[in-house]
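Inspection log for the structure reproduced underneath, given as structure tokens.
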Amino acid sequence: MTKIYNFSAGPAVLPAAVLERARDEMTDWHGSGMSVMEMSHRGKQFMSIAEQAEATLRELMKIPDNYKVLFLQGGASSQFSMVPVNLLRGAGKADYINTGAWSKKAIAEGKRYCAVNVAASSEAEKFTTIPDPAGWKLDADAAYVHYTPNETIGGVEFHWIPDVGDVPLVADMSSTILSRPIDVSRYAVIYAGAQKNIGPAGLTVVIVRDDLIGQPMDGQPVMFDYATHASTGSMYNTPPTYGWYLAGLVFDRLKQQGGLEAIARINHAKADKLYRAIDASDFYSNPVDPNCRSWMNIPFTLADAELDKTFLEEAAQAGLVTLKGHRSVGGMRASIYNAMPEEGVAALVDFMADFEKRRG
Ligand SMILES: *Cc1c(COP(=O)(O)O)cnc(C)c1O
């Protein structure tokens, strides 16, 4: 069987070592005689899995003690609502930075709760860059500033943290969390759907500074109040137990690999290899400003779009799957999250060179 490398944007590849460990523990977790899926979330066994996963995540990301880590459901999309519900605290307005499709979704939802000030946008540049922060029209009285550090569809990534003064900074890190070290203390809220860089779909991780918890808007569902989850160890109701367990295995694996500094070096090298291949050819191109190219999601087009279908078919035959670009962008997209091995990127680069030679 050909080795398969899966370039899906999400749900996405998981580390092979994690899947093998989950397989080995599937029907009998540590002599319990049960699968993790069958355990009570309030039992001692699952509690130990949950606590260990959180502890390892805190260690990996160096999360300060005054932050809560929540293991929720509802996806990053629910955070588009939970952020305003919890952070507005009577302010009635918030700043958003618009760098692409996911920013726009967050903005649309934010508008249901407050006056949204789009403080900067790269829409006129077709989301191929990040607006120069010197021109951002931030409002010092905004309840928070929301941005998307990595735009999964456009392949645009911030390689720096915006300076927003004392206004709480909120980041949708769905497709970049754990790809490199970050200074958590610069943020008020970090959230991420798990299915890109953490684990299976169905789990959402929220890291929130504790002074921002407990002042939700009136009349909102109890499940949308961060305090509901922060005060119960994310066990107000049944949490996504199996996803939480698998996330813990992924965190262990990242630690074994040397932590986020080591992971960042590998990610940078993988992305660099693919961008170099694209830039060195006249056949492939990536439209993104080189200063804000994503390490995680790399869209590219062929000089002749008529060849897209053939490219995808031949790539799949070579074991390189899910390379089709997002329907809104077209072309190809290679998502090369933490779990994509360097050999996968090397195989893609080799295939691209060979395809260009034969068909370009
Ligand atoms: C995938 C993605 C989302 C949506 O996540 P869901 O978990 O499906 O709600 C939001 N933001 C970004 C940046 C994403 O990549």
Side-chain angles (χ1 to χ4, degrees), residues 6-14 70-85 96-112 116 121-123 127-128 130 144-159 161-162 169-180 182 187 189-208 221 223-224 229 234 239-240 242-244 246-247 250 267 271 288 292-299 322 324-329 333-340:
N6 173 16
F7 293 90
S8 170
V13 59
L14 286 163
L70 311 179
F71 291 83
L72 309 181
Q73 305 192 40
S77 301
S78 290
Q79 295 309 309
F80 296 162
S81 328
M82 282 178 85
V83 164
V85 162
Y96 282 73
I97 309 302
N98 183 14
T99 52
W102 289 113
S103 296
K104 285 178 84 163
K105 283 214 158 179
I107 288 167
E109 187 64 12
K111 283 181 176 166
R112 302 182 66 230
V116 165
S121 173
S122 55
E123 188 152 24
F127 297 127
T128 54
I130 291 167
Y144 57 87
V145 180
H146 180 284
Y147 83 117
T148 311
N150 185 64
E151 286 283 357
T152 318
I153 294 173
V156 171
E157 184 159 18
F158 284 74
H159 297 292
I161 301 177
L169 181 62
V170 178
D172 173 3
M173 290 204 188
S174 294
S175 51
T176 186
I177 193 166
L178 296 168
S179 68
R180 63 180 81 189
I182 51 145
Y187 294 91
V189 177
I190 291 169
Y191 63 87
Q195 67 274 22
K196 279 83 184 229
N197 234 355
I198 295 178
L203 169 71
T204 310
V205 172
V206 179
I207 302 166
V208 51
M223 287 291 286
F224 273 27
H229 307 289
S234 304
Y242 199 73
W244 193 334
L246 260 184
V250 170
N267 283 332
V288 180
C292 38
R293 284 174 159 182
S294 171
W295 289 4
M296 297 281 102
N297 310 96
I298 304 186
T322 340
K324 193 171 174 14
H326 190 269
R327 58 192 181 278
S328 67
V329 181
R333 173 175 49 169
S335 293
I336 53 172
Y337 298 117
N338 286 348
M340 172 57 65

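We use all heavy atoms of the structure for the numbers below, so side chains are in, but hydrogens, waters and symmetry mates are not. As the structure lists them, so they are numbered: ligands from 1, and atoms in each ligand from 1. For reference, positions follow the sequence shown, starting with 1. In this text, all values refer to a predicted model and were calculated from it rather than measured experimentally.
Judged by distance alone, the side chains of D172 and T148 never bring a donor and an acceptor atom under 3.5 Å apart.
With sequence neighbours excluded, the residues forming a ring pair (Phe, Tyr, Trp, His ring centres under 6.0 Å) with Y96 are Y144, H146, listed by chain and number.
Identified under the salt bridge (charged side-chain N to carboxylate O under 4.0 Å, His left out) test for residues 150-159, with sequence neighbours left out: E157-R180. Sorted by first and then second residue, the side-chain hydrogen bond (donor to acceptor under 3.5 Å, both in side chains) pairs involving residues 74-84 (not counting sequence neighbours) are Q79-Y226, S81-E109.
Counting only heavy atoms from C-beta outward, the side chains of W102 and T152 approach each other to under 4.5 Å.
The protein residues lying under 4.0 angstrom from ligand 1, judged by non-hydrogen atoms, are G75, A76, S77, F80, W102, T148, N150, T152, D172, S174, S175, Q195, K196.
In terms of modelled atom types and a separation under 3.5 Å, the side chain of S175 and the main chain of N150 share a donor-acceptor contact.
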